[in-house]
Amino acid sequence: MRGVGDTTDIVQKEMYTFEDKGGRSITLKPEGTAGVVRSFVENGMSSQAQPTKMYYLSAPIFRYENPQSGRLREHHQFGVEVFGAKDASIDAEIIMTALALFEKLGINGLKLNINSIGCPNCRPSYNAMLNKYFTSKKDDLCPTCRERLDKNPLRILDCKEEKCRLVIADAPVMVNELCSECADHFEALKGYLDEMDISYEVNPFIVRGLDYYTKTVFEIISDTIGAQGTVCGGGRYDKLVREVGGQDVPGIGFGLGIERLLMVLENEGIKIPEPRLFDVYFVTMGDTARKKAFSLVAGLRENGIRAEVDHCGRSMKAQFKYADKCGVPYVAVIAEDEMKNGEAKLRNMNTGDEKSIPFSELKSYINQEK
RNA sequence: GUGGGUAUAGCUCAGUUGGUUAGAGUGCCAGGUUGUGGCCCUGGAGGUCGUGGGUUCGAGCCCCACUACUCACCCCA
């Protein structure tokens, strides 16, 4: 609540909060950053060589919202956080890292929106300006926003009430009211992005649903997955570590929604390769061959080769069918003849070529082909 | 928070004005070949028709409630 901000929608309406059996208040994580910051502080990581770069993968996130396409009550995020770096170059690096990930996955046509929402130096005067503006339109605001007026007028900017939206359209924007430090930082960020030929749009209406951001905020948006277009969002949070009880250490990061990422991949027709389950499958005929294959499988596994053998007593044809369905690259056939010669017929399932390989050489042969 | 839609086989779905034993495709298993996968052919297994109640001689179909899922507005990942 301290980090995200107790006037945000997330804290006010969207957190899953309940008591555990010891009467302690428990809340399911509604976002990823605060927990990373907590860990950074708890483990005294600010005394390590700075900057500290961290990531989390597939962290479950819970928000009590009405679900729809691309918006779930439980979703998963991949996130990156960097602590201890104040220059705009790291802002650019964070954005570049997110974009590079999409590019590597083959996703093109995403839009980058950036904005600056200032710092504790320039925000009070902007807040006063907002307050003045919204007070003049007070009668046109919803009751919640009238409450926000004095507590946190910035939050009015992302109210969902239609009548508020009309008022917001003409409100002053932060990016025009930055102090010189924030303005310089924002210009520097744009300079780094230009230098890397990263195209972006300055969108003064990005506010983000979290209060801890300072200076840079950004969103990466796809227009292929419907209304829930934001697939990645993030920004700078220079006061958060301090707020949570640590040193005065700046931070910046992003969160990326795994489920939305998968939707984008699907809509772009990008196939995620099926994982290969094993490297070689033993097809056998007869009990002695089967026993031999079983022990060969065990030996290969000890050498890091993923080997499998039939456990259903199936016909040779059925064993081949199974191997085919599993997409295994090699089948080792062992029947009467092979037992006599002490070798297996190794079939390349892609080309259909077969080669006789002595049992003792299977390991090195398969390792070489893998 | 507001307003729609859907629920039948593992999956995707059909099921006529309420009428006999609820179907298809796909997937799965087996056979067609007792030493060889992909294609083809044949057969088989698999269903409390979301749950509970009501109307009716009779309900997958009509009515009510509940639950789950889903879509949209707004915002967010």
Side-chain angles (χ1 to χ4, degrees), chain A residues 4 8-15 29-33 56 58-80 98 102 110 113 142-144 155-166 168 205-210 217-222 225-235 253-264 281-286 289 310 312-339 344-354:
Chain A
V4 173
T8 59
D9 275 4
I10 288 182
V11 169
Q12 284 190 333
K13 304 197 292 206
E14 296 179 0
M15 292 201 308
K29 245 182 248 180
E31 59 96 47
T33 301
Y56 52 88
S58 210
I61 301 292
F62 301 87
R63 287 184 203 165
Y64 187 85
E65 302 184 89
N66 256 347
Q68 70 186 71
S69 180
R71 190 175 74 187
L72 307 165
R73 285 187 171 169
E74 177 182 7
H75 76 276
H76 298 80
Q77 288 189 11
F78 163 68
V80 168
F102 291 115
L110 295 180
N113 282 355
C142 71
T144 319
R155 282 268 78 86
I156 298 175
L157 294 178
D158 62 8
C159 180
K160 29 182 107 155
E161 294 287 330
E162 194 163 340
K163 56 180 182 176
C164 296
R165 308 268 5 136
L166 294 171
I168 291 158
F205 295 103
I206 299 182
V207 188
R208 311 288 303 144
L210 308 146
V217 291
F218 68 93
E219 291 181 358
I220 297 172
I221 298 156
S222 164
I225 56 171
Q228 320 300 317
T230 305
V231 70
C232 176
F254 68 75
L256 187 155
I258 302 286
E259 286 83 357
R260 285 188 191 174
L261 173 64
L262 293 172
M263 284 173 78
V264 174
Y281 186 79
F282 281 78
V283 166
T284 63
M285 262 184 88
D310 173 61
C312 303
R314 283 201 254 243
S315 70
M316 205 159 182
K317 179 193 172 100
Q319 291 180 59
F320 263 96
K321 258 190 173 165
Y322 177 76
D324 184 51
K325 272 176 211 150
C326 293
V328 62
Y330 286 96
V331 160
V333 181
I334 305 180
E336 241 175 275
D337 293 351
E338 288 78 10
M339 285 303 290
K345 269 217 181 72
L346 198 66
R347 181 181 176 90
N348 181 320
M349 292 295 275
N350 292 319
T351 63
D353 294 341
E354 287 189 1

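Chain naming here is simple, since letters A, B, ... match the order of the sequence lines and numbering starts at 1 in each.
The salt bridge (charged side-chain N to carboxylate O under 4.0 Å, His left out) check on E259(A) picks up nothing, with sequence neighbours excluded. Annotation: side chain to side chain donor-acceptor pair (under 3.5 Å) contacts of N350(A) (sequence neighbours excluded): none. Residues passing the ring pair (Phe, Tyr, Trp, His ring centres under 6.0 Å) test with F320(A), sequence neighbours excluded: none. When the side chain to side chain donor-acceptor pair (under 3.5 Å) test is applied to E31(A), the partners found at least two apart in sequence or on another chain are Y212(A). For S69(A), the side chain to side chain contact (heavy atoms under 4.5 Å, CB included) partners at least two apart in sequence or on another chain are M263(A). Residues forming a side chain to side chain donor-acceptor pair (under 3.5 Å) with R347(A) (at least two apart in sequence, or on another chain): E354(A). Taking the side chain to side chain donor-acceptor pair (under 3.5 Å) definition, one finds that T284(A) meets it with nothing, sequence neighbours left out. Residues passing the ring pair (Phe, Tyr, Trp, His ring centres under 6.0 Å) test with Y64(A), sequence neighbours excluded: Y16(A).
Rounded to whole Å, atom C1' of U70(B) lies 12 Å from atom CE of M263(A). Put simply, CD on Q319(A) is 13 Å from P on C29(B), counting in whole angstrom units. Regarding L72(A), its CG atom lies at a distance of 15 Å from the C1' atom of C75(B), rounded to whole Å. Per the geometry, NZ belonging to K13(A) stands 12 Å off P belonging to C76(B), to the nearest Å. To the nearest angstrom, C1' of C76(B) lies 17 Å from NE2 of H76(A). Summarising the geometry, the separation between CG on N113(A) and C1' on A77(B) is reported as 15 Å, rounded to the nearest angstrom. If you take CD1 of I61(A) and P of C76(B), they are 16 Å apart, rounded to a whole angstrom. Computed from coordinates, the E259(A) CD to C76(B) P distance equals 18 Å when rounded to whole Å.
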Taking N or O atoms only and anything under 3.5 Å, show me the protein contacts with nucleotides 1-5 of chain B, one pair per line.
| residue | atom | partner | partner atom | Å |
| --- | --- | --- | --- | --- |
| U2(B) | O4 | N66(A) | ND2 | 2.4 |

N/O to N/O distances under 3.5 Å, protein versus nucleotides 32-34 of chain B:
| residue | atom | partner | partner atom | Å |
| --- | --- | --- | --- | --- |
| G32(B) | O6 | K317(A) | NZ | 3.4 |

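A donor-acceptor pair under 3.5 Å links the side-chain atoms of R63(A) to the main chain of P30(A), judged by distance alone. When atom types are taken as modelled, the side chain of R71(A) and the backbone of N66(A) share a donor-acceptor pair closer than 3.5 angstrom. Judged by distance alone, the side chain of R260(A) and the main-chain N or O of G70(A) form a donor-acceptor pair under 3.5 Å. Judged purely by atom type and a 3.5 angstrom limit, E219(A) has no side-chain atom pairing as donor or acceptor with the backbone of N113(A).
Side-chain atoms of E354(A) stay outside donor-acceptor range of the base of G35(B), with no qualifying N/O pair under 3.5 Å. Interface remark: the R314(A) side chain does not form any donor-acceptor pair with the C29(B) base, using a distance-only criterion of under 3.5 Å.
Base engagement by G229(A) is indicated by at least one non-hydrogen atom pair under 4.0 Å involving a base atom. G352(A) comes within contact range of at least one nucleobase, with a heavy-atom separation under 4.0 Å. The residue I258(A) sits apart from the nucleic acid: no heavy atom pair falls under 4.0 Å. Across all strands shown, E74(A) has no heavy atoms under 4.0 Å from either base or sugar-phosphate atoms.
Comparing the same atom, C1', in A7(B) and in C13(B) gives a spacing of 13 Å after rounding to whole Å. On the P atoms, C75(B) is 33 Å away from A65(B), given to the nearest whole Å. Atom C1' of C28(B) sits at a distance of 9 Å from the matching atom of G46(B), rounded to the whole Å. Here the separation of G58(B) from G19(B), taken at their C1' atoms, is 7 Å to the nearest Å. On the P atoms, C73(B) is 25 Å away from A14(B), given to the nearest whole Å. If you take atom P in C11(B) and the same atom in G5(B), they sit 25 Å apart, rounded to whole Å. The same atom, C1', is picked in C61(B) and in G43(B); the two are 33 Å apart, to the nearest Å. One C1' atom belongs to A24(B), the other to C49(B), and the distance between them is 16 Å to the nearest Å.
Listed by residue number, D324(A), K325(A), V333(A) are the residues of residues 323-333 of chain A with a heavy-atom contact under 4.0 Å to RNA chain B.
Expressed to the nearest 0.5 Å, how far CG of L72(A) lies from CD of E65(A) amounts to 9.5 Å. Of the inter-residue distances, the one linking L262(A) atom CG with H76(A) atom NE2 reads 11.0 Å to the nearest 0.5 angstrom.
Using the six-membered ring where Trp is involved, F254(A) and F218(A) have ring planes that are perpendicular, over 60° apart on the 30 and 60° scheme.
The two residues Q77(A) and G257(A) make their nearest non-hydrogen contact at CG-CA, 4.4 Å.
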For this session: Return one dot-bracket line describing RNA chain B 5' to 3' (Watson-Crick or G-U wobble pairs, both distances under 3.5 Å; ( ) same strand, [ ] crossing, | another strand, . none).
Result: (((((((..((((.....[...)))).(((((.......))))).....(((((..]....))))))))))))....
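Residues E338(A) and Y322(A) each lie close to RNA chain B; by heavy-atom proximity, the contact nearer the 5' end of the strand is made by Y322(A). Taking for each of D337(A) and A318(A) the nucleotide of RNA chain B with the nearest heavy atom, the 5'-most of the two is the partner of A318(A).
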